[in-house]
Amino acid sequence: MNNILLCGFMGCGKTTVGKRLAALTGREYIDLDREIELEAGMTIPELFEQFGEQEFRDREHAAVAALARRIGCIVSTGGGAMTFPRNVAAVSPDDRVVFLDTPFEICYERIKDSDRPIVRRSTPDELRKLFETRRAAYRAAASVILPGDDTAEDLALRLF
Ligand code: S3P
């Protein structure tokens, strides 16, 4: 059984859909950001603050590469993960990468007041530009693309 990785912009619904899909399928759920936090012994905002983004990206890469030792898991990746070629290359060819293509306005409403470091350091305009650039990368990395403005339940059912 292969892993299913959910990717897409911050706030696109990766975590909600991932948990729902895991519940439907009985498969193990992995939140890659939580794994990074556990491993680092600190939160992602703390990691960015104390060690900088590059340290976080290196840890993120190690977490993606470690998925090669897991099978049958439902994985939500962080919003940056599938935009880096080294991470896409580290995904097993047997795994399925699903892009939740949720409109920027929906993502933005969900993330604008959060403590995500990328959100805190960016203007709304910068976030919109980042969204557009990353969208091309998600599309290239994904083998399945779902319009993310459906309910989490419907999206999970479509992947079931
Ligand atoms: C990031 C997204 C976050 C987290 C980190 C960096 C990004 O994950 O990995 O703050 O670069 O977009 P979510 O997409 O789950 O918010």
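Note that the structure is predicted; figures quoted are calculated from it, not measured. Counting starts at 1 for both ligands and their atoms, in listed order.
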Go through the steps for D154 and R20 under the test salt bridge (Lys or Arg N to Asp or Glu O under 4.0 Å), then give the verdict.
-> CA-CA 10 Å; D154 281 348; R20 192 66 204 112; over 6 Å; no
Give the intermediate values and the outcome of side-chain contact (heavy atoms from CB on, under 4.5 Å) for residues V75 and R27.
-> CA-CA 10 Å; V75 184; R27 288 164 69 160; over 6 Å; no
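Shown are I30, N87, V91; of these, the side chain to side chain contact (heavy atoms under 4.5 Å, CB included) with L67 is made only by I30.
Distance check: L32 CG to L5 CG gives 7.5 Å after rounding to the nearest 0.5 Å. Taken from CZ in F56 to NE2 in H61, the straight-line distance is 13.5 Å, to the nearest 0.5 Å.
Closest heavy-atom approach to atom 10 (O) of ligand 1 among the candidates I44, T15, D31: I44.
In this structure, atom 12 (O) of ligand 1 lies nearest to the protein heavy atom R134 NH1, 2.7 Å. When only non-hydrogen protein atoms are considered, atom 2 (C) of ligand 1 lies nearest to G79 N, 3.3 Å.
Taking any N or O of P117, backbone or side chain, none lies under 3.5 Å from an N or O belonging to ligand 1. For T77, no nitrogen or oxygen atom sits less than 3.5 Å from a nitrogen or oxygen atom of ligand 1, counting backbone and side chain alike.
For ligand 1, the atoms closer than 4.0 angstrom to any heavy atom of I118 are 7 (C), 11 (O). Applying the 4.0 Å criterion to heavy atoms of D33 picks out, from ligand 1, the atoms 3 (C), 4 (C), 8 (O), 9 (O), 13 (P), 15 (O).
At least one heavy atom of R57 sits less than 4.0 Å from an atom of ligand 1.
Hydrophobic clustering, with ILVMFWY side chains joined whenever heavy atoms are under 4.5 angstrom apart, keeps L6 apart from F99.
Taking the six-membered ring where tryptophan is involved, the planes of F104 and F9 are tilted, since the angle between them lies from 30° to 60°.
Residue-level proximity to ligand 1 for R116 is carried by the side chain, the only part with a heavy atom below 4.0 angstrom.
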